[in-house]
Amino acid sequence: MPGKNDDRTPQEWRDVLAGFDYPEDVKRTKGLRARRRAKAGHREETRRQTAEWVREQRRRDPIRPAGAAIILVLILALGAGARWVWPGLLGESHDQGSRATATAPPSPGRQARG
């Protein structure tokens with residue numbers, strides 16, 4: 001499934017890559033291979049810093065997905081328990097035999113046969 005970035009032209013990609021800002025020491029590096037190595041090192045350092053920042057943010061996060069799932073299960077269990085302990089909560093009663101049921105009188109044709 002192609003992403004939305006796949007529709008860019010080569011010139012647009014050149015503009016995106018040219019817009020990436022490298023430190024001056026990377027820009028001043030002599031030689032193509034040395035400059036590539038310096039750029040790769042800078043990108044790796046940027047990735048490492050970003051990963052460290054994300055790790056720090058996750059440490060600060062007060063709840064993890066597993067904790068949220070446990071809380072959700074507890075809330076659902078409390079609801080089910082309340083429904084079991086207090087069935088009249090929604091207007092239903094314990095005594096199912098006291099419900100009024102309508103019975104139809106037997107049809108006249110049935111009485112004649114018997």
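Not measured: the values here are computed from a predicted model.
Every residue two or more places apart in sequence or in another chain that forms a salt bridge (Lys or Arg N to Asp or Glu O under 4.0 Å) with Asp21 is listed here: Lys27. Here Glu44 pairs with Arg47 under the side chain to side chain contact (heavy atoms under 4.5 Å, CB included) rule; sequence neighbours left out.
Under the 4.0 Å criterion applied to side-chain N and carboxylate O atoms, Glu52 and Arg48 are not assigned as salt-bridge partners.
For the atom pair CG (Leu78) and CZ (Arg83), the distance works out to 15.5 Å, reported to the nearest 0.5 Å.
With a 6.0 Å radius and a threshold of 12 heavy atoms from other residues, nucleotides or ligands, Arg59 has its CZ atom above the threshold. Within 6.0 Å of atom CZ in Arg36, 12 or fewer heavy atoms from other residues, nucleotides or ligands are found, so the atom counts as exposed in its surroundings.
Between Val26 and Lys39, the shortest heavy-atom contact is CG1-CG, 3.5 Å. Taking every heavy atom of both residues into account, Arg8 and Val16 meet most closely at NH1-CG2, 3.2 Å.
Contact check for Arg60 versus Gln57: side-chain heavy atoms found under the 4.5 Å cut-off.
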